[in-house]
Amino acid sequence: MSGFQSPRGLRDLLEPLASAHGWAIDRAWAAADAAGYARIELPIAEESGLFERAVGGTSDIVAKELYRLEPRGDDAVSLALRPEATAGAVRAYIQHGMRSQPQPVRLVTVAHLFRYDRPQKGRYRQFTQFDLEAIGDGGPGIDLEVIELGAAYLRNLGLSDVQVHLNSVGCSACRPAYVESLRAYFTPAMHELSEVDQSRLTANPLRLLDSKDPAVIKRVADAPLITDHLCGDCAAHHAAVMAGLATIGVTVLAAPRLVRGLDYYTRTAWEYLLPGEQGQQGALGGGGRYDGLVELLGGPATPAIGFAIGIDRVVLALEERGLLPVRAVGATIVVAGIEPDSVADRVAIASQLRTAGSSARADVSSRKIGRQLESAVRDGARAVIIVEPDGRLTLRDLVKASQAEPAERSEVIAAALRLVQNEG
RNA sequence: GUGGCCAUCGUUCAAUGGUUAGGACCGCGGUUUGUGGAGCCGCAGAUGAGGGUUCAAUUCCCUCUGGCCACCCCA
């Protein structure tokens, strides 16, 4: 087969996956609506510099995964496809003066994101995140609200065993000292480390904590924990969050070695995981506090927190567990006809049924009536209306396999609607 | 970006260094001329792309493209 195909890592969503994605997204909006979050739709591209500043120029997301757009015409700045949603949300917060709204500003969006990465199951170059942000409140209470919202969303979808793995990554006052102690711990064993881990030791020792190397994992077990090195404020905040979540009843596991990929996180950091899942599919989402980001992007010093949950991975997990909702794709009523030249009537009648609130479609073929009935049955239709040669209509109940006598149009349409609506 | 496995009709599976690459499902048509998921009959539909080896390649080799797995990283 020659010709075009979808580019690597970019996929078509066909039924039933297309409906499942839409459903998961609808549920995300609804969950946030119910908690009083304001919807925000953000552009799919931003200035490249926004991401470089927010995410960190040396991070993989910017250094090698950013889709940069070719500059066009008189564009003054270079654009990039968004690799994450938080930077844009914070940019919007600053740009629209949301600091003058009651704090925190609660925002929700569903964002299609792009990262130039090697595709794998559950990981695509275009993917979708349910993104929730609360900007302007530094207390542990908002942490509880946000963490719980994400957990409840996943649980209510049917992923009842979702776990929250929680950690604190400290702040600019205490993290640097911890990083140094970590470096000091691993440096004596440097020659035993793999090439990858050696470079991590110099560039970002925190990453050693989730190394896959068995030897390193063993050594990590005795490594200093950040939760033992937090400054007083961070420790108090962390303790309050842990205690609060216990009260709320969210399943929380202390994860003192959890590190997150984006540079801007401070203090509270967490992930939503499914136990038993290996590899990429298990991590459904994650979040964290980013108390320095608003200021970093040019706004006033403002604490904030948010999470991102991967819709693609949620749908994958639901699919593997057989929890995908089934949505009937076919119409409830099919309008068939004996004579081929009745198609216009059929289309008109189907439209009338839809206007009245039913789902209906015309059979626009010139096939024999037997074929039309057969295809209606296979489409899962509840009833068929047959246009007779004399223009009158016959209502056929496909479940009872019974059929009324031909009658006038308005009468039959009313009867069809009654039949369908009686069953909800 | 690194390493590995893989690639046949829309789907799912066969087969082969040598005439027309086979089945099932799906689709379309027929089943004697207007009423149901079955049955029967028929039709359509594929070796991902490009090179190479060979008398001959879908089969062997290379490149590309895409999928999957591990790593990197992350959702």
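Treat the numbers as computed from the prediction; the structure is a model and nothing was measured. Below, read A as the first sequence line, B as the second, and so on, with proteins coming before strands; counting in each chain starts at 1. Every heavy atom of this structure was used, including side-chain atoms; hydrogens, water molecules and symmetry mates were not.
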query: Taking for each residue the nucleotide of RNA chain B with the nearest heavy atom, is it A:I309 or A:K212 whose nucleotide lies nearer the 5' end?
result: A:K212
- prompt: Among B:G34, B:C73, B:G36, which nucleotide sits nearest the side chain of A:I338?
  reply: B:G34
message: Is A:R11 close enough to B:G66 that one of its side-chain N or O atoms is under 4.0 Å from OP1 or OP2 there?
response: no
- request: Looking at every strand, decide which applies to A:I311 at a 4.0 Å heavy-atom threshold: base, sugar-phosphate, or nothing.
  value: nothing
- request: Starting at atom NE2 of A:H165, determine the distance to atom P of B:C74, rounded to an integer number of angstrom.
  value: 18 Å
message: Once you apply a heavy-atom cut-off of 4.0 Å, does A:A376 come out as touching a base, just sugar-phosphate, or nothing?
response: nothing
- prompt: If you count the non-hydrogen atoms of other residues, nucleotides and ligands that lie under 6.0 Å from CD in A:E15, is the total more than 12?
  reply: yes
query: Among B:U31, B:C69, B:U2, which nucleotide sits nearest the side chain of A:R371?
result: B:U31
field: Selection from B:C73, B:U31, B:C71 that lies nearest to any side-chain heavy atom of A:Q120
entry: B:C71
message: Please tell me if A:R367 has a side-chain N or O lying less than 4.0 Å from either OP1 or OP2 of B:C28.
response: yes
task: Grab the CD-P distance between A:Q372 and B:G37 for me, whole Å please.
output: 14 Å
query: For RNA chain B, what dot-bracket results from Watson-Crick or G-U pairs at under 3.5 Å, with [ ] for crossers and | for inter-strand partners?
result: (((((((..((((....[...)))).(((((.......)))))....(((((..]....))))))))))))....
query: Quick one: is A:R207 getting a side-chain N or O under 4.0 Å of the B:C74 phosphate, OP1 or OP2?
result: yes
Spacing of A:L113 atom CG relative to B:C73 atom C1', expressed in whole Å: 15 Å
query: Mind checking what makes salt bridge (Lys or Arg N to Asp or Glu O under 4.0 Å) contact with A:R207, not counting sequence neighbours?
result: A:D210
- request: Ignoring hydrogens and angles, answer whether the base of B:G48 and the side-chain atoms of A:Q5 contain a donor-acceptor pair closer than 3.5 Å.
  value: no
query: Just to confirm, is there a sub-4.0 Å distance from OP1 or OP2 of B:C73 to any side-chain nitrogen or oxygen of A:R115?
result: no
Donor-acceptor contact below 3.5 Å, side chain A:R39 vs main chain A:L107: no
- prompt: Would one find more than 12 heavy atoms of other residues, nucleotides or ligands at under 6.0 Å from atom CZ of A:R367?
  reply: yes
field: Nucleotide B:C74, atom C1' - distance to NZ of A:K64 in whole Å
entry: 11 Å
Worked verdict on A:L206 versus A:Y178 for side-chain contact (heavy atoms from CB on, under 4.5 Å): CA-CA 9 Å; A:L206 289 174; A:Y178 170 69; 3.6 Å; yes
query: Can you tell me if the side-chain N/O atoms of A:R378 get under 4.0 Å from OP1 or OP2 in B:G27?
result: yes
- prompt: In terms of side-chain heavy atoms of A:I369, which of B:G29, B:G66, B:U35 is nearest?
  reply: B:U35
- prompt: Which residue lies toward the 5' end of RNA chain B, A:V196 or A:S375, if each is placed at its nearest nucleotide?
  reply: A:S375
query: Per the ring pair (Phe, Tyr, Trp, His ring centres under 6.0 Å) rule, which among A:Y153, A:Y37, A:Y272, A:W29 passes with A:F130?
result: A:Y153
- request: Look at all strands and tell whether A:R118 reaches a base, only sugar-phosphate, or nothing, counting heavy atoms closer than 4.0 Å.
  value: base
message: So A:D60, base contact, sugar-phosphate only, or nothing? Heavy-atom distance under 4.0 Å.
response: sugar-phosphate
query: Among B:G36, B:C74, B:A75, which is the nearest nucleotide to the side chain of A:I61?
result: B:C74
message: Starting the side chain at C-beta, find the nucleotide from B:G66, B:C69, B:G36 nearest to A:K121.
response: B:C69
field: A:T332-A:S358 side chain donor-acceptor pair, cut-off 3.5 Å
entry: no
message: Need one value for A:E388: base, sugar-phosphate or nothing, where a base atom within 4.0 Å counts as base even if backbone is also close, heavy atoms only.
response: base
statement: Closest to the side chain of A:I386, out of B:U35, B:C74, B:U31, is B:U35
task: Start with the C-alpha distance between A:R183 and A:L201, add both sets of side-chain angles, then the distance that settles side-chain contact (heavy atoms from CB on, under 4.5 Å), and finish with yes or no.
output: CA-CA 6 Å; A:R183 186 172 277 137; A:L201 182 58; 4.1 Å; yes
task: Report which part of the nucleic acid A:G9 touches: base, sugar-phosphate, or nothing (heavy-atom distance under 4.0 Å, all strands).
output: sugar-phosphate
- prompt: Can you find a donor-acceptor pair, distance only, under 3.5 Å between A:R123 side chain and B:C72 base?
  reply: yes
- prompt: Without hydrogens or angle criteria, can the side chains of A:Q403 and A:T394 be said to hold a donor-acceptor pair below 3.5 Å?
  reply: no
- request: Calculate the interatomic distance between A:Q403 atom CD and B:G36 atom C1'; express it in whole Å.
  value: 11 Å
